[in-house]
Amino acid sequence: MLTYVLQRILYAVPIVVLVALVTFMLFFMVVPPEVMARRHLSAKNPTREDIQNWLEKHGYDKPLFVNLETANGGQTRYADSQFVRHLRSVFLFDFGKSDQTGEPVRDILLRHMGPSLMLMVPAFILSLFLDIALALLIAYCRGTYVDRWALVACVLLMAVPTLVYIIAGQTLFSLVLRLSPIAGWDDGLQAAKFLYLPIVLAILAGLGGSIRFYRTVMLEELTRDYVRTARAKGSRESRILFRDVLKNAMIPILTSAVMSIPFLFLGSLLLENFCGIPGLGSRLIDAINASDFAVIRSLVFLETLLFILGLVLTDVSYTLVNPRVRFEGTPLNRMVVPVLLGAGAVLAAGALVRTGVRMLHRAPDAGHLMQKPWILENLVTAGVLALGLFLLHQACKRAYWREAFRRVAQNRLALVALGVVGLYTAAGFLDSISWKDAATDLRPRSLLDRVFRRDAERRERTYSSPLALEEFTGRPARPLENGPHLLGTDSTGEDVFYLTLKGIRTALMIGLFTTLLIIPIAAGMGIAAGYFRGWVDDTVQLLATLMASIPEILLLVALMTVLDRGLPQLCFALGVTSWVGLCRLLRGETLKLRDLEYVQAAEALGITTLGILWRHVLPNVMHLILITFVLRFSALVMSEVTLSYLGIGVGPGTGSWGTMIDGARLELARDPVIWWNLASAFGAMFLLVLSFNYFGDVLRDALDPRLRER
Amino acid sequence: MGQVRETGPLTENPWGCSSSVAEGIRGKTSIAGLGRSCLSLLSLLLALAGCTNNPYREEDHLHRVRYSSIDEDPKSLDPSFAYDSLSLQMVAPIYDTLLQYAYLKRPYALEPALADRMPEREVYAYEGELSPPAQESDLEQEIGVPVPEAEPPAERKTVRREAFRYRITIRQGLRFQDDPCFEATGGKGREVRSDDFLYAFKRIADPLVTCPVRAILGEKVAGLNGFYFANRKRIQGQRAAGLEPETDYSIPVTGLRRIDDSTFEVCLTEKYPQFLYWLAMPFTTPIPREAVEHYDPVRFPGREAFRDHPVGTGAYVLKAGEYRKGQRMVLERNPNFREERYPAEGEPGDREIGLLADAGKLLPLVDTWVFTTVKESIPHWNLFRQGYLDTSGIPREFFDRVITPEGGLSRSMEEKGVRLYRAKELTTYYFAFNMDDPVVGKNVKLRQAVSSAIHTAEYIELFLNGLGEVAQSPLPPGLFGYDPDYRNRYRRFDLDSARRLLSEAGYPGGLDPVRGQPLEIRYDTAQNDPSGKQSVRWLVRQLEALGIRLVVILNDWNTQQQKADEGNFQLIGYGWLADYPDPENFLFLLHSENRRPGVNYANYANPEYDRLFDEMKGMSNQGEEGEKRRQIIARMVRILEEDCPWVPNFHPESYSLVHSWCGGVKLHGPANNLLKYARVDPERRAKLRGEWNRPNYPAVWWSLGILAAGFLPAWWVAFRRGR
């Protein structure tokens, strides 16, 4: 045990250094010191002299990595650089002072940690109980209409953006029922009255996803032999469920829950911002917005430590629930190669991003040279379409997939869902093929624009409600110029129905391209790690830990700022931040597979490693990849809303549901409320997510090897 | 990485089928048990909370308290550093200034506050260095920015010219607020002396303070920049030697002269009548040196910093222990505040709305101000509607129907007794063209066409509820030199003439003849919030009508600023909020001396304009000289109209929604110390709030019922299964 703890602590050291390196590089790429000075000097227009003075005062005038300047005394102090200062502050737990307010960062952390914990700990405990109870209930009712509708309800709960939960919850509890304050904070027990609404909202926001996950876990347990034995012996169904299944299902539930405990410290950004809770989540966003590097680096460091703590806790909880697993740390000698490789990967990624940015800066010129940039877009679209059709054709030829399709086809609702997804895809493709009719056209018009020409071109001056004949303002009712609109118009008078249609392409692209980016990376790394183990595994694990310890929001904001806004960049940033989960999943699965007889038999037969991976391992994890694709896809579509809230979503001019839903922040506060914008975007998103999820669930059943006998 | 196997959500349990492995989980094995524990926890929480939506403690309700909000913590409460509007709003009530704006008088006028009378001005012959010493220009060369070669270096050395000198006398018997830093008087606030003002002036030029207006005042006050650069050198030396840097306040400043305990003199380097306005800003407030030295966490670890612990002479003091960052700030009446009474005269109409009801009463009228941090606008608006915030200060896009076309209030608001107050702001929003850009910078017709195509009146109607005015020039209304009858030819929305101008510019129908595609103009903006996005989309539409494609580049704040400084843009949107009500504060934005990286982002340079500006800036607004000044300003505005380096967009109106218990309010552009004039009727507030926020129990039962009904089918199925 002691060796284990020691090894863990030593393991944390290179991770912390690497995370520090990444944070440092990202931050100074996004905010060069001079810009930071400009930001913190509140002058309307600081002079060069003032900036230089500020930099010297805060120590940001030093060179970034190595100090080669010779000081007055004649000796060169190589270590007198910013990175060394940064590392020193991290390792000595001396977080220094905030660049913005000059306050010690330690005080800031201590002050804001309490409120975050007071919100997150009760929410965590309560939601764990509630989720398990409801999942049990649903598992108990499996196969009935309750189960089916519960799935719909879960997807509904998942599809509602947190923003909407908060606004609706505050309206209901504070304005209608008048039971709880909208926002505010006080010390000690007085805080309770501010807390119970956010706690309820936090539980509600996570309810759908957790119940689905727990239900799956429990249903899996129900297929086990001991359940069959118990049934054969005549045990009551409820007894089996509550006594045997629940206990066994607790293993995956607990291990997934334990991992999230350390992150409770960091609180919840949206809830804290809207409910006036002075927590760390909202403080991190303030620090990012204010370019307060001292606070950011401390929070990132803290998160890294917490993440490693989470890993330890997971290990401990594994041994608690399963005595057959023993502690196993990483010996020091096995850390050298991974750390070197990890550092290399980080630097390479940095260089790659740099090059990418340079090329992007040149891209507009290339576009001008090409004169007709949309032609390339059309070609890409055609390529994607051809690839999709080819894959479909290939799949139809194989018995495994034909069987899966047959089983899916048995479920009529699944076919409807597939149809809906097909419609969305068709709309997305229609919107991706475009050309100009005349040179004076401002932009190429897509097929979709041409089909819905009427909606695309009918514009008003401002808001109008669905099917209304007049503008929606307090002015003396002014008739609409172009007649009623099915779903009304938005602030600039554009047809909401048309905007909703335009959002489809963006959503599909975010979902599709990001998952297409994730899957090869995650599959390659995960399978390699699981199959080869040893240093490959160590390196992959190190990289995964590294990625997981940097706050996702920070990484997204930084990447989007470095790369500039745009749809491809957004997909890239989302891909970078979200491959870890699938990678771990595949690693675990491959670890299991490589010990199975058929793999060993293949090895004995002398089949090449690549052949084994391609012919035997990959097909057996394919269902995992596919299901992850489905689930990730809807999560990504929904994540666009949060990105828009953070101000790093797609730019204006690109139709997007995220922008429309984020606009509700203004529109819901109007009197009377403008709801159709939110409702249309949300409805469209919900339909897509619901169909995708339902289809995904059916597909999972159809592909799961264990369920195939049925 | 530990070699513990992991189970993802979808993997099979790898440890086989034993049914008794879970040792750690006993107990909660039935739904009923789970439900019961959840319910008991919930009821405990509810009991703790007490059923009310009041965010304050009950006992606060009946005092003379005003509730307001801030959306983040002020950056700093150091009067020498605070410059953003939020920090100024909090600093101004705490730190009283020598002069202040008369609350009710319009046009804006100054009156003595800490000063006994208005400063006496005389002209003297200034002799000294014109520009800051060589260091600054060296630095610029190092960074690679060309130094304008306007004057030969020989002339830079010394100059001799007429300049102003102000003699300032302060009131007798002024005292600082009580604070533990006054050790000599046992915590009692000591008397204010002229040294405290001179210390504050020197503090502006203290390199360790990084005062945001150092560059301006350092040049205007004789010798202040000398003090700054001498200390800079000293501090650089101390840093190189590894010492804790320290500013030497004994270095003399030639332009600051102490006459006696209550009189001092400030000598300027030129004729700069606008100097008086600086005396109404917290930069020149008296600062007790004891406080700065006492609240120094470097020397006394564990102590608060001076920037978090203000010690001033104002109407309010920051309540000890009630500055909770991210949560709230509480200001309390300062018992040592000088005897100031509510003004007895105002503009016509002020009496009717009750603004003179308190005439002659001692200020401040309200004892305590509570500023709660509310970051998001929806909670903010709802808190106001519930009566928990006394005034609203939220974006104007919100009240679409709250404000009627006549600029009045909607019925739902009027029923609550809410009142609306409006005032023109001394602010100009504008779009600047990059005059160095080969497309927009060299083609005046193109700029004029773009300017004519932007229908700002519609923008104001649709997005600002008519609360604003189309800008014809950089000068906002209410400023000397603003001509209400002046109309800019290219600010009339006229698509036909815009199209004609565009053809003359060489882009018929918006078509770029070289590329054979519509002309593209890049527009850089940092407006990233929902309302900003709406207005950006509106702007895109305006230029589409001309056949021009506006390529919108959304930047974060840093990038935007950097691009503006580097000139890496074609069209950029900005706003300028006046420091003081003088046309000089707007027209200097286009002077060639302020070219990038200065505030003249357009890099506009017109020698005639510069000459007129230099002539105008030192002139008086009174009498014959005033008339001449007015004419010069009119000529400058016409030059801008023709050259069109900017599209002046609009001047916003500030407004405030106020609950009936707050009485009349008069909004003021440049002044920040208005808290002392505000009033409150606590009984009325308590009564109305109680009426509006009674818990709605029938609705509570209904919602619980609906929730329970949702679970019924599940219970029913479970029940049947169980049998």
Side-chain angles (χ1 to χ4, degrees), chain A residues 35 42-43 45 47-49 53-54 72 129 133 137 140-141 144 146 174 177-179 181-185 192-193 196 213 224-226 242 244 247 250 252 273-274 278 315 318 320-322 328 439-440 442 462 474-475 491-492 541 565 585 588-589 647 651-652 662-663 665-666 669-671, chain B residues 1-4 6-9 15 17 19 22 24-25 29 31 34 45 48-49 51 53 55 83-84 136 207 210 212 215 240 326-327 375-376 378-379 381-383 398 400-401 404-405 462 509 511 516 518 528 530 533-534 536-538 549 552 554 558 599 693 695-696 699-700 713-714 717:
Chain A
V35 174
S42 50
N45 190 60
T47 60
R48 299 254 163 206
E49 167 60 29
N53 179 28
W54 188 92
N72 285 0
F129 278 118
L137 184 66
Y140 188 60
C141 301
T144 65
V146 172
S174 190
L177 306 180
R178 303 186 197 125
L179 287 180
I182 284 186
W185 190 252
K193 71 175 174 187
Y196 67 86
F213 171 48
R224 302 217 176 275
D225 295 338
Y226 70 87
F242 297 139
D244 305 329
K247 266 187 221 161
M250 277 322 263
N273 261 359
F274 272 83
D315 286 0
Y318 266 116
L320 284 183
V321 292
N322 189 349
E328 223 183 296
T440 45
L442 284 168
T462 183
R475 320 277 165 281
S491 60
T492 40
Q541 294 274 43
R565 279 175 186 74
L585 192 69
E589 193 67 15
D662 188 44
R665 270 200 285 162
L666 278 184
R670 285 189 175 223
D671 183 20
Chain B
M1 174 60 53
Q3 298 303 309
V4 173
E6 291 169 42
T7 1
W15 303 298
C17 51
S19 64
I25 314 113
T29 45
I31 295 178
L34 280 175
L45 267 174
L48 270 177
C51 288
N53 60 3
Y83 198 33
D84 60 298
E136 181 147 40
T210 60
Q327 193 178 333
K375 288 189 172 172
E376 289 289 336
I378 294 182
W381 175 233
N382 286 334
L383 281 171
F398 277 83
D400 186 33
R401 283 202 178 173
T404 61
L462 294 180
L511 203 66
N528 212 352
K533 281 185 191 153
Q534 286 179 356
V536 166
R537 282 176 50 204
W538 177 87
R549 211 163 98 84
V552 178
L554 269 184
N558 294 331
V599 275
N693 294 303
N696 187 350
V700 175
V717 169

What residues form a side chain to side chain contact (heavy atoms under 4.5 Å, CB included) with A/T492, not counting sequence neighbours? A/D490, A/E494, B/F463, B/R537, B/W538, B/R541

Looking at every non-hydrogen atom in both residues, tell me the closest pair between B/K533 and A/D662 and how far apart they are. NZ-OD2, 4.5 Å

Under the side chain to side chain contact (heavy atoms under 4.5 Å, CB included) test, residues paired with B/P379 that sit two or more places apart: A/Q170, A/I182, A/A183, A/F274, B/V374, B/E376

Enter the distance from B/L383:CG to A/S174:OG here, rounded to the nearest 0.5 Å. 7.0 Å

Heavy-atom nearest pair, B/P55 first then A/K193, reads C-NZ, 4.0 Å

Among B/A699, B/G326, B/P518, the residue with the most heavy-atom pairs under 4.5 Å to chain A is B/P518

Whatever's closer than 4.5 Å to a heavy atom in chain A on B/V700 counts as both

